[in-house]
Structure formats: structure tokens, C-alpha cells
Amino acid sequence: REALGEVLAFLKNHGHSKILMPWPGASQRLHSNCIEIFMNAFNGLSQKAAEAMVPAVDILSGKDWASFWSKALASKKPSCVIVGNGLEAVALVSFCATRGISIPQQISVFVLDGGELMEWFTPALAHLKMDDASEAKAFMQWVTNGYPDKGSIPTDYDLVPGASVAMLR
């Protein structure tokens, strides 16, 4: 919860208000939490508008992602896309490259769980860098105590700005 709120604040400070964050996760509770975080970050944002910014998607392959990006970027016209991990970033960056969409000139990109793949992208993608020891501790806490009621178990992270987020102001 805290990390996504910080990411949204970072993007808002860069002038972004049309943000798309597809939700391929199976957890309805986490999806609902993300929608709530968007509503809080963008004061006055309706539930319906937040759900449009954080659509639930059923994507199993790279072809599914390409089809999704084709429709979503054309219809929603976001200034920024938040993806969950490096593989989703590969799908988005590849799609943009094949369509001549320039990052960050035409669309900004932020990755929630960057991982080691972030080193391979040009421009460098803005992302959250998770602390491995903190993630392992959080996983063990989850195994021992079960899933938390709200959001996810906190882990230590750094917000890495990268060159993939344009300043719109």
C-alpha cells in the first residue's frame, strides 16, 4: 500500500494523472486495495474511474499482452503505465517498439517490482527496487502468519527514478 502510494505521488509530481495499471493478479482483495489507493491518491476519483485505471486482466502470454496494449493504449490514452514486473515491462516495451511509441516522449513507464531485468532496458525504467532480505522476511511472515488483512506485507524498497518517466509540467 505504502509503495504504490509513493509511486502514484512520484508520478503525480511529474504531472501524470492518466495512469494505467493493468491488474493480472488473481487476488481480488489486492486488486480492490489498488483501486482504493488510486481513489485516495487522486482525491475525488470515483470507484468506476479508478477501476478503469486499474483494470483486471486475464493475460497468459506475450500475445495476450500485445492484444491488451493495442486496445488499452488506444482507448484509454494514458500518459503513464505502471506494470507489475520485468516480464510485463518486456511486453510493454516490445509492443511500444513495434508500434513506434517512444518512451518516455509518448508514454511513461514505471515497474513495481523491477528486479534484475531493469539493467537491460534503454531508457532505464523507473522502478521499485526491493530489498531481497526484506522480501524473504516478508515471505516467511506470510507463511507463518497468513496473508495480512490489508495490502501486502511491507518490504524495504527504493524508488529508482529512471529515464522512462517524463516530466509533463
Side-chain angles (χ1 to χ4, degrees), residues 1-47 49-57 72-73 76-93 96 103-121 123-142 145 147-169:
R1 294 181 66 88
E2 177 184 322
L4 181 55
E6 186 175 332
V7 168
L8 292 175
F10 170 79
L11 296 173
K12 283 176 58 178
N13 286 338
H14 280 73
H16 294 278
S17 60
K18 290 190 75 171
I19 300 169
L20 176 64
M21 187 177 98
W23 183 260
S27 171
Q28 178 60 42
R29 182 170 46 178
L30 283 178
H31 182 231
S32 296
N33 288 342
C34 290
I35 290 169
E36 181 182 322
I37 293 165
F38 266 73
M39 291 170 61
N40 291 334
F42 295 95
N43 299 334
L45 186 68
S46 71
Q47 172 111 14
E51 288 171 355
M53 294 172 89
V54 189
V57 295
L73 296 183
K76 299 182 185 303
K77 298 188 181 0
S79 64
C80 184
V81 174
I82 300 172
V83 293
N85 59 51
L87 292 177
E88 292 172 20
V90 167
L92 175 58
V93 170
C96 289
I103 299 169
Q105 292 81 3
Q106 292 174 286
I107 193 162
S108 292
V109 176
F110 195 98
V111 184
L112 290 178
D113 186 2
E116 294 176 4
L117 281 177
M118 296 303 97
E119 298 173 18
W120 294 87
F121 288 98
L125 298 184
H127 64 281
L128 292 179
K129 182 177 181 184
M130 304 294 178
D131 177 67
D132 291 340
S134 176
E135 283 189 322
K137 181 180 173 185
F139 178 75
M140 289 310 298
Q141 184 179 352
W142 172 66
N145 300 323
Y147 210 70
D149 290 335
K150 284 275 194 180
S152 61
I153 297 170
T155 58
D156 294 331
Y157 61 87
D158 292 314
L159 194 151
V160 181
S164 64
V165 175
M167 179 66 79
L168 298 182
R169 297 181 195 215

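Scope of the values below: all heavy atoms of this structure, side chains included, with no hydrogens, waters or symmetry mates. Here, residue 1 is the first one in the sequence, and each next residue gets the next number.
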Please name the pair of heavy atoms, one in Lys76 and one in Leu20, separated by the smallest distance, quoted to 0.1 Å. CD-CD1, 3.6 Å
Measure the shortest side-chain to side-chain distance between Leu159 and Phe110 over non-hydrogen atoms and say whether it is less than 4.5 angstrom. yes
How close do Cys34 and Trp23 get, heavy atom to heavy atom, and via which atoms? SG-CZ3, 3.5 Å
Heavy-atom pair of closest approach, residues Leu125 and Met118: CB-SD, 4.0 Å
How long is the gap from CG on Leu168 to OG on Ser17, to the nearest 0.5 Å? 8.0 Å
With rounding to the nearest 0.5 Å, note down the distance linking NZ in Lys18 to SG in Cys80. 13.0 Å
Please report the interatomic distance CD1(Ile19) to OG(Ser79), rounded to the nearest 0.5 Å. 6.0 Å
With distance as the sole criterion, is a donor-acceptor pair present between the side chains of Glu36 and Ser32 under 3.5 Å? no
Can you give me the closest heavy-atom contact between Asn43 and Asn40, atom names plus distance? OD1-O, 2.9 Å
State whether the side chain of Lys129 and the backbone N or O of Gly114 hold a donor-acceptor pair below 3.5 Å, judged by distance alone. no
Working to the nearest 0.5 angstrom, can you tell me the gap between Leu11 CG and Phe42 CZ? 7.5 Å
Any Val57 side-chain heavy atom under 4.5 Å of Pro24 side chain: yes
Scanning both residues in full, the closest heavy-atom pair of Leu45 with Phe38 reads CD2-O, 3.8 Å
Between Pro104 and Ser164, the two heavy atoms sitting closest are CB-O, 3.4 Å
Could you tell me the separation between the CD1 atom of Ile107 and the CG atom of Leu73, rounded to the nearest 0.5 Å? 4.5 Å
Would you give the length of the straight line joining atom CG of Leu92 to atom CD1 of Ile103, rounded to the nearest 0.5 angstrom? 5.5 Å
Among Met21, Met53, His127, Glu88, find the residue that satisfies the side chain to side chain contact (heavy atoms under 4.5 Å, CB included) test when tested with Ile82. Met21
Taking Val160's backbone N and O only, do any of them form a donor-acceptor pair with Asp158's side chain (distance below 3.5 Å, no angle check)? no
Partners meeting ring pair (Phe, Tyr, Trp, His ring centres under 6.0 Å) with His16 (sequence neighbours left out): none
Should Phe121 and Val111 be marked as a side chain to side chain contact (heavy atoms under 4.5 Å, CB included) after you check the CA-CA gap, both sets of side-chain angles, and the distance that decides it? CA-CA 12 Å; Phe121 288 98; Val111 184; over 6 Å; no
